[in-house]
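These values consider heavy atoms only, across backbone and side chains, with no hydrogens, waters or symmetry-generated copies. Proteins come first, then strands; the chains are lettered A, B, ... in the order of their sequence lines, and each starts at number 1.
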Amino acid sequence: MQQQYPFQEIERAAQNEWANKQTFAASESSDKPKYYCLSMFPYPSGRLHMGHVRNYTIGDVLSRFHKMKGYNVMQPMGWDAFGLPAENAAIKHNTAPAKWTYENIEHMKTQLKQLGLGVDWNREIATCTPEYYRWEQWLFTELYKKGLIYKKTATVNWDPVDGTVLANEQVIDGRGWRSGALVEKRDIPQYFMKITAYAEELLSDLDQLDGWPEQVKTMQRNWIGKSYGCEVAFPLLGQDGQLKVYTTRPDTLMGASYVAVAAEHALATQAALTNPDLAAFIAECKRGSVAEADLATAEKKGMATSLFVSHPLNGERLPVWVANYVLASYGEGAVMAVPAHDERDFEFATKYQLPIKAVIKQSDADSLPMTEHGLLFNSGEFDGLNFAQASDAIATALSAKNLGQKRSQFRLRDWGVSRQRYWGCPIPIVHCASCGEVPVPAEQLPVVLPEDVVMDGVGSPIKKDPSFYETSCPQCGAKAQRETDTLDTFFESSWYFARYASFDSHSAMVDQRANYWLPVDQYVGGIEHAILHLLYARFFNKLMRDVGLISNDEPFTNLLTQGMVLKDGSKMSKSKGNTVDPQALIDAYGADTARLFMMFAAPPEQSLEWADSGVEGAHRFLRRLWKAVFDHVALGTTAAYSSGELNVELKTLRLQLHQTIDKVADDYGRRHSFNTAISSVMELMNALAKMECTQTLSRQVRQEVLQNVALLLSPIVPHVCQALWAELCPGSHILDASWPLADPTAMEQDIVEYVIQVNGKLRGSLTVAKTETKMQLEQLALAQPFVQKFMEAPLQVRKIIVVPNKLINVVVS
RNA sequence: GCCCGGGUGGUGAAAUUGGUAGACACAAGAGACUUAAAAUCUCUCGCUCGUAAGGGUGUGCCGGUUCGACUCCGGCUCCGGGCACCA
């Protein structure tokens with residue numbers, strides 16, 4: 001055994017061995033319970049960053065831990081390979097997105113392999129390959145035929161100078177990022193998936209996801225946003241028709257003083273026909289980005305139309321306003337405004353001097369706006385009712401007039417999946433003059449995206465390429481045009497978890513193997529995906545279930561949401577240019593140090609500001625561990641302790657060892673608290689270092705400790721533990737060893753330390769036999785000088801609190 | 001703006017169910033070894049009063065519940081994530 005810790009040599013040897021022996025190849029034929037551990041696949045941006053190291057080390061630790069615990073483990077890896085950055089890079093470097101993407105994949109794959117992940121690389125997938133995306137094209141056509149995909153117009157960011165659609169990310173302060181032109185909203189036809197048809201199930205099934213963080217479930221619930229309220233119709237004055245609104249506060253109806261519609265609302269368009277000022281205002285509202293955060297933070301602006309409606313219950317004449325704070329896409333695209341009881345309506349009414357009429361009160365001291373529930377007043381026959389009573393009574397009154405009814409409403413909108421971009425999966429639809437929209441038949445799939453293209457920065461190459469878009473109608477054979485939009489890249493990442501189980505199937509999107517592996521037992525990924533990706537993946541799981549491909553209801557049984565690795569206070573990402581490449585770290589200290597440092601730095605769910613101070617410390621620990629084993633085996637091999645009378649020192653060390661075994665198992669398996677698992681092993685190693693040992697028994701205990709340390713740490717630092725094990729136990733392999741079980745006899749203790757407090761303040765401690773009664777403990781505590789000191793007259797003991805095996809608190813006054 | 005998190009020494013953090021605040025590390029300082037440096041080892045290390053023993057104080061801020069609060073409750077503040085076309 002070498003005296004120095006030869007990390008390069010060990011890591012290369014271990015990684016070669018795992019590759020040659022196919023150590024991590026997963027198989028469906030096993031009598032062990034299966035464990036499918038999935039980390040969110042990376043976007044091939046060029047190089048790994050610290051967020052990747054964190055994500056994939058967490059997944060690998062859990063995979064290796066479960067393998068040792070006797071599970072049949074699958075840990076796959078792949079590439080979320082379509083997306084906007086490839087187009088930008090292609091323009092910048094005058095190359096094709098495909099070439100750039102494949103080169104990045106090659107480089108990042110090498111980097112991932114250097115991390116020593118226990119990945120089954122046979123199952124590797126890249127979403128930009130026709131073998132992958134043909135199946136989502138197939139699913140698209142199936143769903144289209146079932147009516148779960150439909151077409152409607154939707155608003156996009158339009159750059160009038162570049163003549164192109166912009167992603168929200170490409171709109172900076174209302175201007176196009178390349179042209180600098182003021183961005184406009186433009187309505188274009190797009191395909192939508194009816195995720196709202198699954199809203200109820202997506203909401204209720206959250207209740208069965210016990211292995212998900214409460215935080216994520218809450219965010220999803222709020223995003224789906226089921227509310228209970230009332231639809232209210234305001235009859236138009238001077239013309240036929242009604243203005244419909246949806247409200248969650250029907251109890252405030254008698255306080256409505258105007259109604260407001262979105263700039264895109266039909267009534268706004270109508271009123272603008274005869275009102276040039278209003279037309280100009282509506283045009284102004286159509287400037288700027290479509291992102292909700294921009295809309296919500298914009299200054300509240302509005303303009304009165306010349307239209308009026310009548311209040312459905314009291315017949316009062318209310319003006320119709322156009323307001324930029326009304327969302328066209330939620331509810332009816334119109335609201336009834338009750339300024340006294342709504343923040344935004346209050347701000348708007350104050351600005352434009354609209355009437356503010358209070359109708360709900362909690363007390364006489366209410367200040368407006370008063371947005372809490374309360375009792376009605378100023379509301380005629382409804383005075384004195386509470387929220388629930390008033391909601392019922394007003395809904396009944398509206399129903400009687402046929403001007404409204406109770407209903408629920410989802411905030412969730414259907415998912416627009418069309419993108420006017422090149423580097424994505426072509427939408428498998430053919431537009432035929434006589435047959436209309438025709439889905440491409442399964443036998444003609446995939447619709448292959450041409451990869452040999454030139455990106456000029458304006459528009460998508462396939463929109464200008466007749467050899468792509470000219471085709472014939474699958475139904476009538478006449479000349480027809482292919483759809484040139486591509487799919488949202490969330491489409492690919494919504495089902496990849498199932499494809500890993502059927503990675504090489506040429507006959508189906510997923511096959512029976514998926515029902516062996518699914519659902520994913522442990523999903524690991526960034527908290528930034530808490531809503532969109534995870535919701536879409538849950539939706540796709542249900543879609544795949546309903547077309548008969550899989551049988552599970554939910555895709556991910558347990559979810560670990562990794563905190564972000566921040567740099568300079570914000571998310572590390574290529575678009576922000578603040579990434580840190582782990583390569584230098586791996587080159588200088590090895591993968592084990594990088595992994596150990598990452599796991600030791602913070603608990604996985606916590607966000608982490610990147611700093612490399614501490615890397616040295618992690619490396620130093622591995623060197624000390626190496627040296628401890630070196631010194632131990634230099635004296636010859638020995639068996640681990642099994643029996644014999646031990647002195648107090650050795651007994652205490654064994655106690656600590658077996659407590660550590662229990663703690664580390666709990667930290668890995670239940671708490672996912674890798675940092676404390678590491679620190680408890682460090683404490684154990686510190687204790688071992690203090691122990692003199694030349695005697696046979698103490699060498700046996702030392703052997704027992706070192707063997708177990710190798711096992712406990714092997715999920716985190718697998719290379720060095722494999723090498724150490726080979727030295728400690730010649731002829732055996734660590735991958736054949738199973739997770740250690742703590743020895744209960746080593747953990748028996750007959751004494752216990754009590755902390756003594758006086759009035760909740762620490763004053764001393766007491767070591768007593770475990771068998772002492774509560775009465776004896778109280779007497780012992782009172783007898784201590786450091787307690788007596790606080791009992792001098794006139795102070796008296798009022799009570800004594802004894803927390804078994806922990807603490808005694810003497811309360812004096 | 002709305003939804004979800006977070007704030008503990010010089011730094012990363014620990015305290016698992018309301019029960020010893022700061023484990024384990026990093027950095028720093030002092031010392032040992034060395035011709036010297038590196039490496040390694042030993043010690044000190046929240047703030048404050050004190051020579052010491054010991055005391056006071058301290059987990060973003062203000063208030064509350066409790067024998068006891070980093071932990072629970074109310075209000076604020078700052079930072080991060082998401083907001084449907086970044087992934």
Side-chain angles (χ1 to χ4, degrees), chain A residues 40 42-43 45 80 82-85 154 156-157 165-171 213-216 218-219 221-223 225 289-298 300 325 329 343-344 412-421 488-490 493 526-533 535-536 561 563-564 566 569-571 573-576 600-603 605-609 611 613-618 620-621 623-624 627 663 666-667 670-671 673 675-676 678-683 686 753-762 764-765 798-801 803 806-813:
Chain A
M40 289 182 186
Y43 176 78
S45 58
D80 187 14
F82 276 136
L84 196 50
V156 294
N157 303 304
V165 174
L166 298 178
N168 284 335
E169 192 192 44
Q170 297 173 311
V171 180
E214 216 43 60
Q215 166 198 5
V216 174
T218 304
M219 282 192 269
R221 271 187 203 107
N222 292 342
W223 184 262
S289 92
V290 298
E292 195 185 313
D294 294 331
L295 298 174
T297 50
K300 283 177 196 48
Y325 72 92
S329 51
E343 298 276 359
R344 291 177 307 175
L412 183 68
R413 311 197 291 259
D414 276 341
W415 173 17
V417 293
S418 294
R419 296 293 180 269
Q420 297 69 46
R421 276 182 257 293
D488 180 3
T489 56
F490 273 125
S493 55
I527 184 67
E528 69 270 29
H529 296 293
I531 296 174
L532 292 179
H533 162 63
L535 189 66
Y536 293 149
T561 47
M564 263 160 305
L566 307 178
S570 63
K571 171 177 159 183
S573 72
K574 187 152 188 187
S575 61
K576 295 191 183 174
F600 187 56
E605 307 210 281
Q606 194 164 309
S607 62
L608 172 65
E609 173 69 30
S613 60
V615 173
E616 284 278 357
R620 228 163 13 225
F621 172 73
R623 277 208 306 258
R624 273 202 302 272
K627 182 157 186 304
K663 175 168 172 56
D666 188 45
D667 279 354
R670 178 181 65 90
R671 296 214 302 154
S673 175
N675 55 330
T676 55
I678 294 165
S679 70
S680 65
V681 175
M682 285 176 168
E683 286 178 82
N686 289 346
E753 190 186 30
Y754 274 86
V755 162
I756 314 294
Q757 296 182 332
V758 178
N759 285 346
K761 283 196 187 195
L762 174 70
S765 68
R798 271 183 44 222
K799 61 173 155 175
I800 303 173
I801 285 147
V803 181
K806 236 176 208 158
L807 159 150
I808 301 166
N809 187 15
V810 181
V811 184
V812 300
S813 61

Measure the distance from CE on A:Met564 to P on B:C4 and round it to the nearest whole Å. 16 Å
Would you indicate which nucleotide in B:A13, B:U20, B:G19 comes nearest to any side-chain atom of A:Leu762? B:U20
Any side-chain N or O of A:Asn686 below 4.0 angstrom from OP1/OP2 of B:A25? yes
For a 4.5 angstrom cut-off between non-hydrogen side-chain atoms, does A:Val755 reach A:Lys806? no
Could you check how far CD of A:Glu609 sits from C1' of B:G12, rounded to whole Å? 11 Å
Closest to side chain of A:Ser679, choosing from B:C86, B:C24, B:U16: B:C24
Are more than 12 heavy atoms, taken from residues, nucleotides or ligands other than A:Arg221, located less than 6.0 Å from that residue's CZ atom? yes
I'd like the C1' distance from B:G50 over to B:G68, given in whole Å. 28 Å
From CE of A:Met219 across to P of B:G80 the rounded distance in Å is 17 Å
Whole angstroms only, please: what is the CZ-C1' distance between A:Arg798 and B:C67? 8 Å
Spell out yes or no: do the side chain of A:Asn222 and the base of B:C3 have one donor N/O and one acceptor N/O closer than 3.5 Å? no
Counting the atoms with a prime plus P, OP1 and OP2 as sugar-phosphate, which does A:Val156 contact under 4.0 Å by heavy atoms, base, sugar-phosphate, or nothing? base
Taking any heavy-atom pair under 4.0 Å as a contact, classify A:Ser418: base, sugar-phosphate, or nothing. base
Which protein N or O atoms sit under 3.5 Å from an N or O of nucleotides 40-46 of chain B?
{"unit_1": "B:U40", "atom_1": "OP1", "unit_2": "A:Arg623", "atom_2": "NH2", "d": "3.0"}

Do any side-chain nitrogens or oxygens of A:Ser607 fall under 4.0 Å of OP1 or OP2 in B:G6? no
Can you find a side chain N or O atom of A:Asn675 that sits less than 4.0 Å from OP1 or OP2 on B:A14? yes
Between B:G60 and B:G5 - C1' atom distance, rounded Å: 16 Å
pair A:Met219-A:Leu535: side-chain heavy atoms closer than 4.5 Å: no
Tell me what A:Val216 touches on the nucleic acid: a base, only sugar-phosphate, or nothing, going by heavy atoms under 4.0 Å. nothing
Give the rounded distance in Å between these two atoms: CD of A:Glu605 and P of B:G12. 20 Å
Report the nucleotide, chosen from B:A15, B:A84, B:C67, that has the shortest atom-to-atom distance to any side-chain atom of A:Leu412. B:A84
When rounded to the nearest Å, what value does the distance between C1' atoms of B:U66 and B:G19 take? 12 Å
Just checking A:Glu343: base, sugar-phosphate only, or nothing, at a heavy-atom cut-off of under 4.0 Å? nothing
Specify the separation, in whole Å, of atom NZ of A:Lys663 and atom P of B:C24. 13 Å
Contact class for A:Gly416 vs. all strands (heavy atom < 4.0 Å): base, sugar-phosphate, or nothing? sugar-phosphate
If you look at every strand shown and take non-hydrogen atoms under 4.0 Å, does A:Val811 touch a base, only sugar-phosphate, or nothing? sugar-phosphate
Side chain of A:Asn809 - closest among B:C86, B:G19, B:G80: B:G19
Please work out which of the three classes, parallel, tilted or perpendicular, describes the rings of A:His533 and A:Phe490, given edges at 30° and 60°. parallel
From C-beta outward on A:Leu807, which listed nucleotide comes closest to its side chain: B:G19, B:U16, B:C83? B:G19
With C1' as the reference atom in both, quote the distance from B:A69 to B:A15 in angstrom, rounded to an integer. 13 Å
Pairwise P distance for B:U71 and B:A32, with rounding to whole Å: 46 Å
Winner on side-chain proximity to A:Ala602, out of B:A15, B:A25, B:A13, is B:A13
Any donor-acceptor pair, under 3.5 Å, between the side chain of A:Lys761 and the base of B:U20, if you only look at N and O atoms? no
Between P of B:G81 and CG of A:Leu566, the distance in whole Å: 7 Å
Side-chain N,O (A:Lys806) to OP1/OP2 (B:G19) below 4.0 Å: no
Do A:Tyr43 and A:Thr489 make a side-chain contact, defined as non-hydrogen atoms from C-beta onward lying under 4.5 Å apart? no
What integer number of Å spans the C1' atoms of B:G9 and B:A27? 12 Å
Paired to B:U65 by Watson-Crick or G-U wobble criteria (both distances under 3.5 Å) is none
Out of B:C24, B:A87, B:A14, which nucleotide sits closest to the side chain of A:Tyr43? B:A87
Which base, if any, makes a Watson-Crick or G-U wobble pair with B:A14, both distances under 3.5 Å? none
Counting heavy atoms from C-beta on, name the nucleotide in B:A87, B:U16, B:A13 closest to the side chain of A:Gln606. B:A13
Which nucleotide, B:U16, B:C24, B:C4, lies nearest any side-chain atom of A:Phe600? B:C24
Under 4.5 Å between any side-chain heavy atoms of A:Ser679 and A:Val681, yes or no? no
Report the base-pairing partner of B:U35 (Watson-Crick or G-U wobble, both distances below 3.5 angstrom), or none. none
Return yes if a side-chain donor-acceptor contact under 3.5 Å exists between A:Ser493 and A:Asp80, otherwise no. no
Is the base of B:G9 syn or anti, if syn means a glycosidic angle within 90° of 0? syn
Is any side-chain heavy atom of A:Asn759 closer than 4.5 Å to one of A:Val811? yes
Counting only side-chain N and O atoms of A:Gln757, is one of them less than 4.0 Å from OP1 or OP2 of B:C67? no
Contact class for A:Pro603 vs. all strands (heavy atom < 4.0 Å): base, sugar-phosphate, or nothing? sugar-phosphate
With both distances kept under 3.5 Å, what pairs with B:A30, Watson-Crick or G-U wobble? B:U42
Between B:A28 and B:G46, how far apart are the C1' atoms? Round to whole Å, please. 15 Å
Separation of B:U16 atom C1' from A:Asp667 atom CG, nearest Å, is 9 Å
Paired with B:U51 by Watson-Crick or G-U wobble geometry, both distances under 3.5 Å: which nucleotide is it? none
Taking only the P atom of each, what is the distance from B:U11 to B:A23 in whole angstrom? 15 Å
